[in-house]
Amino acid sequence: MRAIVRQEQALDTALATPPHWTRLPRSFYRRHPAEVAPDLLNKILLRDDGRAARIVEVEAYAGSEDPAAHSFRGMTARNATMFGEAGHLYVYFTYGMHWGSNAVCGEVGDGLGVLLRAAEPMLGVDQMRRLRPAARRDRDLASGPGKLSQAFGITRKLDGADLVTGTGGIAIVSDGTPPPDDPVVGPRIGISRAVDYPWRWHVPGSLHVSVRGAVRKR
DNA sequence: GAGATGATGCCCT
DNA sequence: GGGCATCATCTCG
C-alpha cells in the first residue's frame, strides 16, 4: 500500500514537472478500441522517473470479434489482464525476446485493447538511450512495440499497472494536443489472421513510427 | 511433454 | 527486402 502511495506521488511529481499535463478519465478507455486507438495518438506515455514520449502509432485488438487478438479464444493466464478493468496496461512477451504494451479497453470481460506501437521521445531521452544501446538515432528509440517497451523499461512486472492513476509507475496523460484530424489508417502489422482489418493508426508525417509507406509482409 | 508459432528487431544487402 | 535470433504460451495428445 505504501509502495502504491509512493508511486502515485512520484507520478504527481512527474506530472508537475512539465506544467499542465493532465490525467485521462477512466471513461476514455471504456469504449471500443477502434475508437480509443486514434484518440491515443498525440497522448503522452509517462513514467514516474520523468521519462515521457508522445504516442504516434497504435493498433486496435478487439477480443472475441478479432481472430488476431490474444483474447480471441477467451481468457488465459497470459491475457487475463486484458479482460480486466479498462485503463490498465496489458504486457505480453513474444518472439522469445520482445515485450508488447497494450491499454485495456471496453468493459470488464471484453478482452479489448490497443497496442502501443511507437512513440516520439520527449523527456528522459538519455535513460531511453541507455536502455536501447542498439538505437543509432533517437527516432529508433521507440519506433516499434518492442522498442517502445524496452525504452520505457516495460516488462511483465508492469502488467496490470493503472494508466489512469499511475499506480505501478506508468501512465498515459495529455498535454492538450488533440489527436490528428487526418491520421494515417491501414492494416495491422505482424499478424497472420484478420490482416485486412484497418485498425492501425499513426500520426501523419511522424518520423518515429515503426513502418512508413508500404505495409510489412508476413 | 512435445511441437508449432508468433501483435518483432537487428543487421546486412 | 530477407535471414536469423530465441522462448513463453498455447494446443493437442
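Residue numbering restarts at 1 for every chain, and letters A, B, ... go by the order of the sequence lines.
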(request) Residues of residues 141-160 of chain A with any non-hydrogen atom less than 4.0 angstrom from an atom of DNA chain C: list those, numerically ordered, please. (result)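 Correct list: A:R156.
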
(message) Can you list, in residue-number order, the parts of residues 60-76 of chain A that come under 4.0 Å of DNA chain C, counting heavy atoms only?
(response)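 The answer is A:R73, A:T76.
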
(request) Identify, between A:S101 and A:D140, the residue whose nearest nucleotide on DNA chain B lies closer to the 5' end. (result)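 Result: A:S101.
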
(request) Check whether any side-chain N or O of A:N42 sits under 3.5 Å from a backbone N or O of A:P178 as a donor-acceptor pair, and report yes or no. (result)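 Between the backbone of A:P178 and the side chain of A:N42 there is a qualifying donor-acceptor contact (under 3.5 Å).
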
(message) Determine whether a donor-acceptor pair (N or O, by modelled atom type, separation under 3.5 Å) exists between the side chain of A:D162 and the backbone of A:V164.
(response)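 Side chain of A:D162 to backbone of A:V164, a donor-acceptor pair under 3.5 Å: yes, one is there.
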
(message) Does the plane of the ring in A:Y90 sit parallel, tilted or perpendicular to the ring in A:Y92? Use 30° and 60° as the thresholds.
(response)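 The arrangement is tilted - the two ring planes meet at 30° to 60°.
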
(message) Between A:I191 and A:L115, is there shared hydrophobic-cluster membership here, with clusters defined by ILVMFWY side-chain heavy atoms closer than 4.5 Å?
(response)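 Yes: a chain of side-chain contacts under 4.5 Å links A:I191 to A:L115.
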
(message) With a 4.5 Å cut-off on side-chain heavy-atom distances among I, L, V, M, F, W and Y, is there a chain of contacts connecting A:F93 to A:I154?
(response)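 Yes, because A:F93 and A:I154 connect within a single hydrophobic cluster, where side-chain heavy atoms sit under 4.5 Å apart.
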
Gap between atoms [atom1] and [atom2], on [X] and [N] respectively (whole Å):
X      : N      : atom1 : atom2 : result
A:W99  : B:dG9  : CH2   : P     : 15 Å
A:I189 : B:dG6  : CD1   : P     : 16 Å
A:H208 : B:dG9  : NE2   : P     : 16 Å
A:W199 : B:dA7  : CH2   : P     : 16 Å
A:F93  : C:dT9  : CZ    : P     : 9 Å
A:M97  : B:dA7  : CE    : C1'   : 15 Å
A:R193 : C:dC10 : CZ    : C1'   : 11 Å
A:Y95  : B:dT8  : OH    : P     : 4 Å

(message) Return the pairing partner of B:dC10 with a 3.5 Å limit on both distances, Watson-Crick or G-U wobble; otherwise return none.
(response)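 Matched B:dC10 with C:dG3 under the 3.5 Å cut-off.
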
(request) Using Watson-Crick or G-U wobble geometry with both distances below 3.5 Å, tell me the partner of B:dT5, or none. (result)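 Pair assignment: B:dT5 / C:dA8.
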
(request) Compare the minimum distances between each of C:dA8, C:dC10, B:dG6 and the side chain of A:R78, then state the nucleotide with the smallest one. (result)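 Of C:dA8, C:dC10, B:dG6, C:dC10 is nearest to the side chain of A:R78.
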
(request) With the side chain of A:A134 defined as its heavy atoms from C-beta on, choose the nearest nucleotide among B:dG6, B:dC10, C:dA8. (result)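 Within the option list, the nearest is B:dC10.
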
Looking only at side-chain N and O atoms, does [Y] offer a donor or acceptor that is under 3.5 Å from a partner on [X]?
X      : Y      : value
A:H32  : A:E65  : yes
A:S149 : A:S101 : yes
A:S206 : A:E57  : no

(message) So, OP1 or OP2 of B:dG6: does either fall under 4.0 Å of a side-chain N or O from A:S192?
(response)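 The answer is yes; a side-chain N or O of A:S192 sits under 4.0 Å from OP1 or OP2.
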
(message) Between A:R132 and B:dG9, is there a contact of a side-chain N or O with OP1 or OP2 at under 4.0 Å?
(response)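 Answer no for this pair, as no side-chain N or O of A:R132 is under 4.0 Å from OP1 or OP2.
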
(request) Could you tell me whether A:R31 sits above the aromatic face of A:F28, with NZ or CZ closer than 6.0 angstrom to the six-membered ring centre and within 45 degrees of the axis? (result)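 The answer is yes; both the distance and angle limits are met.
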
(request) Spell out yes or no: do the side chain of A:Y92 and the base of B:dA7 have one donor N/O and one acceptor N/O closer than 3.5 Å? (result)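 Pair found.
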
(request) Check the pair A:V114 / A:E59 against side chain to side chain contact (heavy atoms under 4.5 Å, CB included), numbers first and verdict last. (result) CA-CA 5 Å; A:V114 174; A:E59 279 177 359; over 6 Å; no

